[in-house]
J.: 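For reference, the structure I am asking about is given below.
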Protein chains: 2
Amino acid sequence: MERDVATLCCPPVTAGVLGEDDAAELAALFKVLADPARLRLLSMVAAADAGEACACDLVEPVGRSQPTVSHHLGLLVEAGLLEREKRGKWAWYRVVPDRLAALREALGPVPAGPR
Amino acid sequence: MERDVATLCCPPVTAGVLGEDDAAELAALFKVLADPARLRLLSMVAAADAGEACACDLVEPVGRSQPTVSHHLGLLVEAGLLEREKRGKWAWYRVVPDRLAALREALGPVPAGPR
DNA sequence: CTTACATATTGACAAGTGTCGATGTGATGG
DNA sequence: CCATCACATCGACACTTGTCAATATGTAAG
């Protein structure tokens with residue numbers, strides 16, 4: 001069984017020097033976002049009608065083969081960025097907003113907090 | 001000359017479906033963050049005393065060879081996340097906060113605005 | 001059961017990437 | 001000049017990764 005990325009996450013980058021382990025964990029998360037196909041899939045699910053999208057509706061617009069799309073969706077789920085629910089023969093995906101927020105905070109503290 | 005990543009950046013992921021080109025550009029940026037050594041270097045420069053750090057002080061703590069560190073710093077500069085200034089025989093690096101902020105916003109709109 | 005369909009898994013391969021040793025480039029100091 | 005130091009570039013190599021065709025798994029319909 002390989003390293004599970006989806007557990008916790010994200011000591012902020014701008015505050016303090018990251019240790020090798022924290023850095024590796026964060027890097028693994030960014031690696032999931034470091035692919036055009038995955039970013040497009042993520043945005044497609046985020047823009048879907050009821051907040052969820054069927055895999056069957058993602059294959060054609062993303063312009064990759066069905067196995068490739070399934071592979072990318074699997075990585076996004078493993079990283080905790082998407083949730084999968086199987087209904088009948090279809091697989092439905094939703095974004096996990098908290099996970100995205102955590103990633104965002106890892107890039108620095110809140111932008112401009114009122115004091 | 002290859003694709004320069006440091007020009008503009010970042011149509012947000014959560015609003016609308018990304019096109020292949022925008023996705024590729026964003027992915028290229030995330031790819032730079034998708035490495036433990038680079039994340040550590042970034043955090044080290046961010047945590048440096050006067051807001052800048054000499055490359056000579058980064059090699060040992062990051063635990064990689066000098067050429068490897070130079071390579072990673074070069075990628076961070078090319079991505080616009082760091083600025084380099086040569087003074088004498090030393091190279092000094094500063095973070096580019098706007099660039100980090102842009103990346104953060106690409107992960108979604110502002111977290112939770114007071115209504 | 002059989003067929004059809006949606007999705008996941010496997011195997012294979014080309015391309016990309018992190019790493020280091022060796023070497024190149026410039027600046028500083030004798 | 002010549003030696004030294006800081007940094008960048010080059011060449012090579014092991015390892016990772018995105019991709020697809022083929023196949024397996026599982027569900028629904030007849």
Side-chain angles (χ1 to χ4, degrees), chain A residues 1-3 5 18 20 23-42 44-45 48 52-79 82-94, chain B residues 1-3 5 18 20 23-42 44-45 48 52-79 82-94:
Chain A
M1 184 187 302
E2 61 273 355
R3 190 90 168 76
V5 181
L18 288 115
E20 187 68 29
E25 191 172 352
L26 234 187
L29 267 176
F30 281 126
K31 203 167 295 192
V32 178
L33 293 180
D35 179 87
R38 285 194 288 272
L39 283 180
R40 296 192 70 199
L41 287 169
L42 190 60
M44 283 163 156
V45 174
E52 58 182 10
C54 173
C56 57
D57 296 325
L58 301 175
V59 173
E60 184 269 339
V62 88
R64 264 69 163 190
S65 73
Q66 177 269 320
T68 297
V69 172
S70 179
H71 172 232
H72 286 312
L73 288 171
L75 290 182
L76 286 166
V77 167
E78 190 191 10
L82 289 184
E83 279 178 345
R84 166 166 40 206
E85 182 187 355
K86 289 211 74 172
R87 290 205 291 269
K89 22 183 198 175
W90 294 277
W92 294 85
Y93 291 87
R94 286 185 297 276
Chain B
M1 183 188 301
E2 61 273 356
R3 191 90 168 76
V5 181
L18 286 104
E20 187 69 28
E25 191 171 352
L26 234 186
L29 267 176
F30 280 126
K31 203 167 293 189
V32 178
L33 294 179
D35 180 86
R38 285 195 288 272
L39 283 179
R40 295 192 71 198
L41 287 170
L42 190 61
M44 283 163 156
V45 175
E52 58 181 9
C54 174
C56 57
D57 295 324
L58 301 176
V59 173
E60 183 269 338
V62 86
R64 263 75 164 185
S65 74
Q66 177 271 319
T68 297
V69 172
S70 178
H71 172 233
H72 287 311
L73 288 172
L75 290 182
L76 286 166
V77 168
E78 189 191 10
L82 289 184
E83 279 179 346
R84 165 167 38 204
E85 184 186 354
K86 290 210 75 173
R87 290 205 291 268
K89 22 183 198 176
W90 295 277
W92 294 85
Y93 292 89
R94 286 185 298 277

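Computed from a prediction, not measured in an experiment: that's the story for all the values here. Just so you know, these numbers use all the heavy atoms, side chains as well, and skip hydrogens, waters and symmetry mates. Below, chains carry the letters A, B, ... as their sequence lines are ordered, and counting in each starts from 1.
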J.: Assuming nearest nucleotide by heavy-atom distance, tell me which of A:Trp90 and A:His72 is located more 5' along DNA chain D.
T.: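 So the residue in question is A:His72.
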J.: Could you pull out the closest heavy-atom pair between A:Ala53 and A:Leu58, with the gap in Å?
T.: CB-CD2, 4.2 Å
J.: For A:Lys86 and C:dC5, give me the distance from atom NZ to atom P, rounded to whole Å.
T.: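 Those two atoms, NZ and P, are 17 Å apart.
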J.: Measure the CG-CZ distance between A:Leu29 and B:Phe30 for me, rounded to the nearest 0.5 Å.
T.: 11.0 Å
J.: Which nucleotide in the set C:dA8, D:dA8, D:dC20 lies at the smallest distance from any side-chain heavy atom of A:Thr68?
T.: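 That would be D:dC20.
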J.: Look up atom CG in B:Leu75 and atom NE2 in B:His71, then write down how far apart they are to the nearest 0.5 Å.
T.: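 Here the interatomic distance stands at 4.0 Å.
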J.: Distance check needed: C:dA6 P versus A:Glu85 CD, whole Å only.
T.: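 Going from CD in A:Glu85 over to P in C:dA6 covers 19 Å.
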J.: Closest to the A:Cys54 side chain: C:dT7, D:dG18, D:dA21?
T.: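 The closest nucleotide is C:dT7.
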J.: Among C:dA8, C:dT28, D:dG18, which is the nearest nucleotide to the side chain of B:Lys89?
T.: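 Of the candidates, C:dT28 comes closest.
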J.: Under 4.0 Å from OP1 or OP2 of D:dC7: is there any side-chain N or O of B:Ser70 that close?
T.: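 So the side-chain polar atoms of B:Ser70 never come under 4.0 Å of the phosphate oxygens OP1 or OP2 of D:dC7.
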J.: For B:Leu33 and C:dG18, give me the distance from atom CG to atom P, rounded to whole Å.
T.: 12 Å
J.: Rounded to whole angstroms, how far apart are CZ on B:Arg64 and P on C:dC20?
T.: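 In whole Å, C:dC20 P lies 7 Å from B:Arg64 CZ.
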J.: Separation of A:Arg84 atom CZ from C:dT9 atom C1', in whole Å?
T.: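 Roughly 12 Å, once rounded to whole Å.
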J.: Quick one: closest heavy-atom pair of B:Leu42 and B:Leu33, and the distance?
T.: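 Looking at all heavy atoms of both residues, the closest pair is CD2-CD2, 3.9 Å.
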J.: What's the CG-P distance between B:Leu41 and C:dT19, to the nearest Å?
T.: 10 Å
J.: If you take all heavy atoms of B:Val32 and B:Arg38, which pair is closest and at what distance?
T.: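 B:Val32 and B:Arg38 have their closest heavy atoms at O-NE, 2.6 Å.
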J.: For the base of D:dA8, is there a side-chain donor-acceptor partner from B:Gln66 under 3.5 Å away?
T.: yes
J.: Nearest whole angstrom, please: distance from the P of C:dG16 to the CG of B:Asp35.
T.: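 The distance from CG of B:Asp35 to P of C:dG16 comes to 18 Å, rounded to the nearest Å.
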J.: Can you tell me the distance, in whole Å, between the NZ atom of A:Lys31 and the P atom of D:dT17?
T.: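 So the two atoms are 5 Å apart, to the nearest Å.
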J.: OP1 or OP2 of D:dT27 sitting under 4.0 Å from any side-chain N/O of A:Arg87?
T.: no
J.: By the 4.0 Å heavy-atom rule, please label A:His71 as base, sugar-phosphate, or nothing.
T.: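 Base, at least one base atom sits under 4.0 Å.
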